[in-house]
Amino acid sequence: MTGGFEGPDTAPTTALSAVVARVTALADRLEVPHAEIFDVGRLSAASGVPEPVVKALLSGRPAGEPEVQTRFVQRLDLLRRTRLKPNSRKYTQQEIADGAGMSRQQAGALINGDRRPTMEHCDAIQRFFRVHAGFLTAEDPEALAIALQHTEQELLQTLAGRERRAAAAADDPLERLLRDHGVRGIAWRAAQLPTDQHRDKVAEWLDMLLESVQRPHS
């Protein structure tokens with residue numbers, strides 16, 4: 001193992017504000033509540049950033065930056081609390097050590113903050129918990145931006161799916177009929193008619209409309 005890794009750049013470039021703006025615009029377009037998209041607990045678990053810091057960063061306030069080792073210990077503790085075994089229990093120090101290829105004593109010292117982590121330690125533990133590279137080391141704004149970029153991709157996929165469905169509906173004559181003539185609303189109002197005879201007449205008219213178009217063959 002090599003010595004402790006270098007600290008972050010003094011002036012790191014982060015696209016957090018830009019990502020927040022893009023995600024906000026997508027959420028508005030999809031009519032997804034901001035409280036759902038910017039849920040502090042979810043973003044904290046996804047990024048490793050403490051909840052109070054997530055709140056501050058989302059509000060555009062400076063939140064300070066912990067020392068590298070402190071950040072590592074905080075995020076490793078979060079991983080142990082949120083990435084559980086199939087039986088919903090925490091991974092033990094021995095299990096982490098075995099999975100990360102180190103001794104139990106090394107794992108314990110890292111977990112307890114008694115040993116400064118190296119890049120090799122971080123990479124091995126990140127692979128064990130199946131989180132992205134840099135999860136344990138990225139500065140808080142960068143870590144939060146990465147988490148929000150995953151949210152952005154999910155929203156973009158949702159938007160693309162919605163647009164595909166809208167395009168398919170526009171090409172479907174039956175869907176156009178239902179939309180243009182308000183057939184669903186007519187059927188609901190027909191149910192309010194007083195007699196079966198009245199409802200039968202409406203049903204006959206709807207049948208004629210529906211028979212006048214055919215769905216395209218798939």
Side-chain angles (χ1 to χ4, degrees), residues 1-9 12-16 18-20 22-23 32 35-58 63-158:
M1 295 274 180
T2 62
F5 51 78
E6 295 292 329
D9 294 338
T13 57
T14 164
L16 177 59
V19 177
V20 169
R22 293 198 304 270
V23 169
V32 180
E36 177 182 336
I37 295 299
F38 296 106
D39 179 78
V40 172
R42 180 183 67 82
L43 289 174
S44 176
S47 65
V49 179
E51 291 190 16
V53 178
V54 172
K55 287 182 180 179
L57 291 174
L58 290 177
E65 192 68 38
E67 189 270 335
V68 171
Q69 186 169 356
T70 300
R71 184 193 308 141
F72 171 89
V73 172
Q74 288 176 344
R75 295 191 185 169
L76 180 52
D77 177 67
L78 182 142
L79 284 177
R80 296 189 71 203
R81 289 186 286 106
T82 60
R83 275 66 166 182
L84 304 176
K85 295 189 289 187
N87 62 5
S88 299
R89 294 184 178 180
K90 288 183 180 181
Y91 286 98
T92 65
Q93 291 185 5
Q94 187 63 62
E95 288 168 333
I96 295 172
D98 292 342
M102 62 182 71
S103 70
R104 188 185 66 78
Q105 289 74 18
Q106 284 180 312
L110 290 169
I111 290 169
N112 295 326
D114 297 329
R115 177 169 181 170
R116 185 176 178 85
T118 65
M119 286 302 297
E120 287 85 352
H121 290 142
C122 293
D123 290 341
I125 293 172
Q126 285 163 174
R127 285 194 300 270
F128 173 76
F129 282 105
R130 298 183 180 181
V131 293
H132 61 81
F135 183 95
L136 293 168
T137 58
E139 293 190 39
D140 289 340
E142 180 184 358
L144 184 55
I146 291 171
L148 282 170
Q149 284 168 358
H150 290 297
T151 299
E152 180 182 17
Q153 291 303 312
E154 293 171 357
L155 292 173
L156 286 170
Q157 291 173 5
T158 300

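With a 4.5 Å cut-off on side-chain heavy atoms, Leu144 and Val20 do not count as touching. With contacts defined as side-chain heavy-atom distances shorter than 4.5 Å, the pair Leu148/Leu58 qualifies. Considering only heavy atoms from C-beta on, Leu84 stays 4.5 Å or farther from Arg89 through its side chain.
Atom OG1 of Thr82 and atom CZ of Arg75 lie 12.5 Å apart (nearest 0.5 Å). With rounding to the nearest 0.5 Å, the separation of CD in Glu139 from CD in Glu65 is 4.5 Å. From His132, atom NE2 reaches atom CZ of Arg127 across 15.0 Å, with rounding to the nearest 0.5 Å.
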For residues 45-57, tabulate all N or O donor-acceptor pairs below 3.5 Å that involve a side-chain atom, not counting sequence neighbours.
residue: Ser47; atom: OG; partner: Leu43; partner atom: O; Å: 2.7
residue: Ser47; atom: OG; partner: Val49; partner atom: N; Å: 3.1

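Legend: residues meeting side chain to side chain donor-acceptor pair (under 3.5 Å) with Thr151, ordered by chain and number and at least two apart, are Arg42. Scored by the side chain to side chain contact (heavy atoms under 4.5 Å, CB included) test, Glu36 finds Val32, Pro33 as partners (sequence neighbours excluded). Evaluation of the side chain to side chain donor-acceptor pair (under 3.5 Å) rule for Glu67 yields Arg116 as partners, not counting sequence neighbours. Every residue was checked against the side chain to side chain donor-acceptor pair (under 3.5 Å) condition with Gln126, not counting sequence neighbours, and none meets it. Applying the ring pair (Phe, Tyr, Trp, His ring centres under 6.0 Å) test to His150 and every residue at least two apart in sequence or in another chain returns nothing. For Arg81, the salt bridge (Lys or Arg N to Asp or Glu O under 4.0 Å) test picks out Asp77, with sequence neighbours left out. Remark: Thr92 pairs with Glu95 by the side chain to side chain donor-acceptor pair (under 3.5 Å) rule, at least two apart or across chains. Checked against ring pair (Phe, Tyr, Trp, His ring centres under 6.0 Å), Phe129 has the following partners two or more places apart in sequence or in another chain: Tyr91.
Residue Gln69 comes nearest to Pro117 through the heavy atom pair CG-CD, 4.1 Å, listed as atom of the first residue, atom of the second, then distance.
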Inset, instruction - Step by step, work out the side chain to side chain contact (heavy atoms under 4.5 Å, CB included) result for Arg83 and Leu78. - result: CA-CA 8 Å; Arg83 275 66 166 182; Leu78 182 142; 3.8 Å; yes
Inset, instruction - Show your working on side chain to side chain contact (heavy atoms under 4.5 Å, CB included) between His121 and Gln106 and close with a plain yes or no. - result: CA-CA 9 Å; His121 290 142; Gln106 284 180 312; 4.2 Å; yes
Inset, instruction - Could you check Met102 against Leu110 for side chain to side chain contact (heavy atoms under 4.5 Å, CB included), going step by step and ending with a plain yes or no? - result: CA-CA 11 Å; Met102 62 182 71; Leu110 290 169; 3.8 Å; yes
Inset, instruction - Go through the steps to decide whether Val23 and Phe38 satisfy the test side chain to side chain contact (heavy atoms under 4.5 Å, CB included), and finish with yes or no. - result: CA-CA 9 Å; Val23 169; Phe38 296 106; 3.8 Å; yes
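Proximity of a side-chain donor or acceptor of Arg71 to a complementary backbone N or O of Thr137 within less than 3.5 Å is detected.
Within the structure, salt bridge (Lys or Arg N to Asp or Glu O under 4.0 Å) pairs that include any residue of residues 143-157 comprise Arg22-Glu152 (at least two apart or interchain).
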